[in-house]
Number of protein chains: 2
Amino acid sequence: MTATAARTPPRKRASNGAARRSEADEIGLDALVGHAGYAVRRFQIWIFQDFVRTLGDVEIRPTQYSVLTVIGANPGLSQMAVAKRLGIERARLVHLLDSLEQRKYVKRIKSKEDRRSHALHLTAQGETALAKFKGLAAEHERNVEAKIGKENREQLLRILAGFT
Amino acid sequence: MTATAARTPPRKRASNGAARRSEADEIGLDALVGHAGYAVRRFQIWIFQDFVRTLGDVEIRPTQYSVLTVIGANPGLSQMAVAKRLGIERARLVHLLDSLEQRKYVKRIKSKEDRRSHALHLTAQGETALAKFKGLAAEHERNVEAKIGKENREQLLRILAGFT
DNA sequence: TATTGTTATACTCTATAACTATA
DNA sequence: TATAGTTATAGAGTATAACAATA
């Protein structure tokens, strides 16, 4: 392969001395245009920021929300089970749970069957809080729908269902 | 809203003393199933890992690739312009460019028009290297296509085109 | 020997704030 | 005053390794 393979000719730049472009517009992405990963990254940045903003008052971030939701729907899971299911490192989950336990949303209960592991449960306060978080997360989801369209959101969910 | 709103009944767990589930399968995601952001996050983790693996030999990560590609296609851009176009913090771009400059892929040239700013260019070595990176990135993109299907990848790019 | 939870380390990335030199 | 680049800091997130208690 030569150095020119797949190279796009440099875009015409404002010549020296000419008026400089007023904005960071018109800058070509070249090969990035064809990369799904680039589009997905930019979309994820937008979607995370909207989630964090929408749930800003309750100070819940996406990862915390996912942990609370899975524990709420599957009480008694071990830390390993939650970590594997959500694709989180078990070492990281320790700190996430420390925080959620301090805030009285989650409790670790020593398992009698396997004394190495903890059974995870929501507290009563955690149940109430999670219901509120789900309402706000639904609001966030409506923002997503407004941004990309109802049909596109549904197609996206269908296309990526295998990764959840 | 009550605490029970939108709550899914807890899944049936293996009763105490019964055989425990062998794998972290069958764990319900509850409300996460309907969140585009969750699916996107999981997909992005997969896609980043494949990119990093596919370009592992050349030690180029997605962000570095995006910076090199934009500079290659738009020689002379300032750091601010690159940062804005790619949605990277300008403070972060400083370190990215430090690394790419050390590796002789990029050079910062003091602008004569505005002595505060640097015009960014690829070195000859950078041009050659980027061509190789693009070939590997195309290989990564074929992995994506194999994973989600040709049609789905194209739909994804179409749906998310507005975020690039 | 292997696994669970934990602690620790390193690096990537996001988000700010403040500083300098220029404009 | 405002902007470009830089330095610094803090927290989130990823990726490892190693350790104690337990299986």
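Here is the naming used below: chain letters follow the sequence lines, and residue numbers restart at 1 for every chain. Keep in mind that this is a model prediction, so the values were computed, not measured. Basis for what follows: all heavy atoms, side chains included, without hydrogens, waters or symmetry-related copies.
Among the atoms of the strands shown, only primed sugar atoms or phosphate atoms (P, OP1, OP2) are found under 4.0 Å from some heavy atom of Q79(B). Residue-level contact check: I45(B) touches the backbone only, with heavy atoms under 4.0 Å from sugar-phosphate atoms and none from bases. Counting any heavy atom pair closer than 4.0 Å across all strands shown, Q44(B) reaches no nucleic acid atom.
When each of R92(B) and A91(A) is assigned the nucleotide of DNA chain C bearing its nearest heavy atom, the one mapping closer to the 5' terminus is A91(A).
Of the residues in residues 51-71 of chain A, none has a non-hydrogen atom less than 4.0 angstrom from any atom of DNA chain C.
The interatomic distance linking H95(B) (NE2) with dT6(D) (C1') rounds to 8 Å, in whole Å. Atom NZ in K84(A) sits roughly 10 Å away from atom P in dG5(C) (whole-Å rounding). Atom P of nucleotide dT14(D) and atom CD1 of I88(A) are separated by 8 Å, given to the nearest angstrom. At whole-Å resolution of the value, CG in L96(B) and C1' in dG5(D) are 14 Å apart. The interatomic distance linking R41(A) (CZ) with dT14(C) (C1') rounds to 11 Å, in whole Å. The distance from atom CZ of R90(B) to atom C1' of dT6(D) is 9 Å, rounded to the nearest whole Å. When rounded to the nearest whole Å, the span between CD of E101(A) and P of dG5(C) equals 12 Å. Spacing between atom NE2 of H118(B) and atom C1' of dA21(C) amounts to 10 Å, rounded to whole angstrom units.
The pair D50(B)-K147(B) does not count as a salt bridge, with every side-chain nitrogen at least 4.0 angstrom from each carboxylate oxygen. For the pair E154(B) and R158(B), the salt-bridge criterion is not met [side-chain N within less than 4.0 Å of a carboxylate O].
Closest non-hydrogen pair, L29(A) versus T164(B), comes out as CD1-O, 3.1 Å. In terms of heavy atoms, L156(A) sits closest to I159(B) at N-CD1, 4.4 Å.
Donor-acceptor pairing under 3.5 Å is recorded for the side chains of R42(B) and Y38(B). Between the side chains of R103(B) and Q125(B), no donor-acceptor pair is found at a separation under 3.5 Å.
At the phosphate of dT14(D), neither OP1 nor OP2 sits under 4.0 Å from any side-chain N or O atom of Q49(B). The phosphate of dT6(C) has OP1 or OP2 within less than 4.0 Å of a side-chain N or O from R108(A).
By the 4.5 Å heavy-atom criterion applied to side chains, N143(B) and F51(B) are not counted as neighbours.
When each of dT16(C), dT6(D), dG5(C) is scored by its nearest atom to the side-chain atoms of E89(B), the top-ranked nucleotide is dT16(C). Side-chain atoms of V94(A) lie closest to dG5(C) of the nucleotides dG5(C), dT7(D), dT6(D).
Of the possible donor and acceptor atoms, one in the side chain of T123(A) sits under 3.5 Å from a partner among the backbone N and O of K104(A). With hydrogens and angles ignored, the 3.5 Å screen pairs a side-chain donor or acceptor of Q64(B) with a backbone N or O of R61(B). Distance alone, capped at 3.5 Å, places no donor-acceptor pair between the T69(A) side chain and the S66(A) backbone.
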Table of protein N/O atoms under 3.5 Å from nucleotides 20-23 of chain D N/O atoms:
residue: dT22(D); atom: OP1; partner: R115(A); partner atom: NH2; Å: 3.3
residue: dA23(D); atom: OP1; partner: R115(A); partner atom: N; Å: 3.1

